[in-house]
Amino acid sequence: MASRLLSRIGRYLQLDIRYYLKNSLYLILARGGTDLSRLLLSVAFARLVTQEIYGQWNFILSIVGVFAILTLPGINPAVNQSVATGHDGVLVQGTKQKFKWSTLGSVAILGTGVYYLLSDSALMGKSLILASLFFPFYLNFLTYAAFFSGKKQFDKVAKYQVITQVASVLITVIAIYFSRNLLLILSAYLFSFSVLRGYFFRLAYRNMANRSVDLKALSFGRHLTVTTIPTSIRQHYDKLIIAVFLSFPELAIYVIALGFSDFLLSISP
């Protein structure tokens with residue numbers, strides 16, 4: 001009876017209901033796994049390290065988040081669209097462009113790290129220099145998810161995202177528990193994400209059916225990146241302002257409160 005009802009609804013809406021519900025479930029589960037792992041990481045930081053270290057951690061990731069615009073995030077939806085129309089080669093070409101431009105982001109983060117070193121903030125300076133080294137690998141391999149989405153393989157997108165998020169967070173929590181050292185914690189976090197995303201990018205590369213490239217898609221991706229600049233800054237400016245004008249401990253308290261609020265919003269109907 002349920003099957004017949006879904007079929008009737010699908011014919012009325014001109015939509016494959018089963019396909020829609022199945023893939024929506026994959027994405028919901030992926031979002032839930034991601035949110036839970038982030039909450040676990042926040043709890044680990046809150047219980048095992050000082051507010052100063054947790055504030056510094058969030059300040060570093062906020063700087064990385066602002067400069068992430070130089071990895072051309074608009075290329076990801078462009079890869080999605082292009083792969084859906086049969087141009088699998090955009091995966092490689094788009095990722096190459098992201099790496100090319102992300103060099104500027106690495107230089108900018110490196111420069112920020114040198115500034116903190118010269119300002120007698122050795123730990124913050126070293127952490128930012130470390131982040132500049134991982135910066136391209138941490139973000140650019142996310143094109144794998146756009147590729148599989150373009151292939152309508154949403155189950156793989158969800159599975160790979162959950163594996164990456166949960167495994168990386170667990171590795172980071174272990175680093176927190178045994179070291180309490182910001183440099184080691186940051187290394188564990190960035191290294192695990194970079195390696196896992198790189199591995200899944202390799203799987204996407206091996207699944208390419210052709211090398212066809214849609215140059216218009218790449219141009220569209222660059223244009224789309226420009227339109228996302230205000231959104232990218234808005235996601236991180238509050239944390240940067242709190243860290244610069246108040247203190248790292250106050251940033252830590254703000255992030256913990258914000259994290260629980262975001263988690264409750266994600267599970268609310």
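If you're wondering where the values come from, they're calculated on a predicted model, not measured in any experiment.
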Heavy-atom check, side chain of [X] versus side chain of [Y], under 4.5 Å:
X: Tyr144; Y: Gln161; answer: yes
X: Phe154; Y: Lys152; answer: yes
X: Asp155; Y: Lys159; answer: no
X: Thr103; Y: Pro136; answer: no
X: Ser232; Y: Thr228; answer: no
X: Asp88; Y: Lys151; answer: yes
X: Lys96; Y: Lys100; answer: no
X: Leu246; Y: Leu251; answer: no

Let's go through Asn207 and Lys156 carefully: what are the C-alpha distance in whole Å and the side-chain angles of both, what is the deciding distance for side-chain contact (heavy atoms from CB on, under 4.5 Å) to 0.1 Å, and is it a yes or a no? CA-CA 12 Å; Asn207 277 272; Lys156 290 184 178 181; 4.1 Å; yes
Does one hydrophobic cluster hold both [X] and [Y], with members joined at side-chain heavy-atom distances below 4.5 Å?
X: Phe59; Y: Leu61; value: yes
X: Phe137; Y: Leu133; value: no
X: Val157; Y: Met208; value: yes
X: Val114; Y: Val64; value: no
X: Ile129; Y: Leu183; value: no

Using only atom types and a distance under 3.5 Å, with no angle test, would you say the side chain of [X] pairs donor to acceptor with the backbone of [Y]?
X: Ser219; Y: Lys216; answer: no
X: Asn210; Y: Gly86; answer: yes
X: Ser212; Y: Gly89; answer: no
X: Ser102; Y: Thr71; answer: no
X: Thr85; Y: Ser82; answer: yes

Interatomic spacing from [atom1] in [X] to [atom2] in [Y] - rounded to 0.5 Å:
X: Leu184; Y: Phe178; atom1: CG; atom2: CZ; value: 13.0 Å
X: Leu139; Y: Leu72; atom1: CG; atom2: CG; value: 11.5 Å
X: Leu218; Y: Gln97; atom1: CG; atom2: CD; value: 5.0 Å
X: Ile63; Y: Leu128; atom1: CD1; atom2: CG; value: 4.5 Å
X: Ile171; Y: Tyr189; atom1: CD1; atom2: OH; value: 12.0 Å
X: Leu182; Y: Met124; atom1: CG; atom2: CE; value: 7.0 Å

So which heavy atom on [X] is nearest to which on [Y], and how close?
X: Ser168; Y: Thr164; result: OG-O, 2.8 Å
X: Ala243; Y: Phe248; result: CB-CE2, 3.9 Å
X: Pro230; Y: Val226; result: CD-O, 4.1 Å
X: Phe220; Y: Ala78; result: CD2-CB, 4.1 Å
X: Asn76; Y: Ala146; result: O-CB, 3.1 Å
X: Gly55; Y: Ala252; result: N-CB, 3.8 Å

Assess the side chains of Asn58 and Tyr254: does a donor N or O sit below 3.5 Å from an acceptor N or O?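 Result is no, nothing qualifies.
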Is a side-chain donor-acceptor pair under 3.5 Å present for Tyr115 with Ser121? no
Name of the residue among Val169, Ile174, Ile176, Leu170 meeting side chain to side chain contact (heavy atoms under 4.5 Å, CB included) with Thr172: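 The option that passes is Ile176.
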Taking atom CG of Asp120 as the centre, does the number of heavy atoms from other residues, nucleotides or ligands within less than 6.0 Å exceed 12? no
More than 12 heavy atoms of other residues, nucleotides or ligands under 6.0 Å from CZ of Phe99: yes or no?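 Yes.
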Take Leu224 and Thr227, measure what side-chain contact (heavy atoms from CB on, under 4.5 Å) needs, and give me the verdict at the end. CA-CA 5 Å; Leu224 191 60; Thr227 65; 3.7 Å; yes
Tyr138 ring centre to Arg197 NZ or CZ under 6.0 Å, with the angle to the axis within 45°?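 Yes.
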Does the structure place the NZ or CZ of Arg180 under 6.0 Å from the centre of the six-membered ring of Tyr177, at an angle of no more than 45° from the ring's axis?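 Yes; both conditions hold, so Arg180 lies above the ring face of Tyr177.
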Parallel, tilted or perpendicular for Phe191 and Phe134, by the 30°/60° rule? perpendicular
Between Ser127 and Trp57, is a side-chain contact (heavy atoms from CB on, under 4.5 Å) present by the stated rule, with each step listed? CA-CA 9 Å; Ser127 298; Trp57 163 271; over 6 Å; no
Identify which one of Phe200, Tyr160, Tyr205, Phe201 satisfies the ring-ring contact (aromatic ring centres under 6.0 Å, His included) criterion when paired with Phe148. Tyr160
